[in-house]
K.L.:
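Sharing a structure here in structure tokens format.
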Amino acid sequence: MSRKILTKDQAVEVLNRLGNEYPDAKCQLEHVNVWQLLVATVLSAQTTDVSVNQVTPDLFAAYTGPEELGNALPEDVEQYIKRIGMYHQKAKNIISLSARIASDFGGEVPRSRADLESLPGVGRKTANVVLAEGFGEQQIAVDTHVFRVSNRIGLVHEKDVEHTEQALIKKLPHERLTESHHLLIFHGRRCCHARKPECERCCLNGLCQENI
Ligand code: SF4
């Protein structure tokens, strides 16, 4: 049997059910400004937000802004972040991106996607997170949870994150894109796990195409 793709109305029903299930869904990376959000998001690649939140308080206490971190030595920064994965490369990236923000953007995180993606270690997903959380735009960053869960549910049927993002933008209400990002991540973490999804207790029973 060919796999059904949910209609726009069904997609809204998915969001409504997930919204009831996870009323607390929001960005989990602790930050007090857009630069901290950007650094924390770069640090979060292939590691958990919980792990990032354990290292950023001391990091941001030691380096209070782009200029301070941009002038730091990699070996010094590594001491703060060595408990998370790929810390060697991440130290280089957060120093370089901070130096660029200080030198090329007057110490302010740029608001354009092209400028954001020109920063070291910043790809489309990180730019989407910053545009959404930092600048209040409606964006859907597709990480591993959003990709897996949205394709399982049948919101979209795509083979990679780029196509999934474009299909989700067409399928979901524009004003709910950022909310959708958080809801799909929460569902992926708490119920629709990569290995053993808990379909028997899932709030999307009867809608999810993986479990029809
Ligand atoms: S029914 Fe199963 S596969 Fe579908 S969203 Fe729920 S947990 Fe995931």
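Starting from 1, each residue takes its place in the sequence as its number. Just so you know, ligand 1 is whichever comes first in the structure, and atom 1 is the first atom listed for that ligand. Values below: every heavy atom of this structure, side chains too, minus hydrogens, waters and symmetry copies.
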K.L.:
Tell me whether Leu59 is reachable from Val55 by hopping between hydrophobic residues (I, L, V, M, F, W, Y) whose side-chain heavy atoms are closer than 4.5 Å.
P.N.:
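Hydrophobic grouping puts Val55 with Leu59.
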K.L.:
Following the transitive rule for hydrophobic clusters with a side-chain heavy-atom cut-off under 4.5 Å over Ile, Leu, Val, Met, Phe, Trp and Tyr, establish whether Leu155 and Leu15 coincide in one cluster.
P.N.:
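Cluster IDs for Leu155 and Leu15 match.
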K.L.:
Between Leu119 and Val34, is there shared hydrophobic-cluster membership here, with clusters defined by ILVMFWY side-chain heavy atoms closer than 4.5 Å?
P.N.:
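Same cluster: Leu119 reaches Val34 through Ile, Leu, Val, Met, Phe, Trp or Tyr contacts under 4.5 Å.
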K.L.:
Among Glu133, Arg113, Arg124, His181, which residue satisfies the side chain to side chain donor-acceptor pair (under 3.5 Å) criterion with Gln139?
P.N.:
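With Gln139 as partner, side chain to side chain donor-acceptor pair (under 3.5 Å) holds for just one option, Arg113.
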K.L.:
From atom 6 (Fe) of ligand 1, how many protein N/O/S atoms are found at a distance short of 2.8 Å?
P.N.:
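Counting protein N, O and S atoms closer than 2.8 Å to atom 6 (Fe) of ligand 1 gives 1.
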K.L.:
Determine whether the aromatic ring centres of Trp35 and Phe105 lie less than 6.0 Å apart.
P.N.:
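So the answer is no for these two rings.
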K.L.:
State whether a side-chain donor-acceptor pair under 3.5 Å links Arg148 with His145.
P.N.:
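Checked: Arg148/His145 side chains pair up, N/O donor to acceptor below 3.5 Å.
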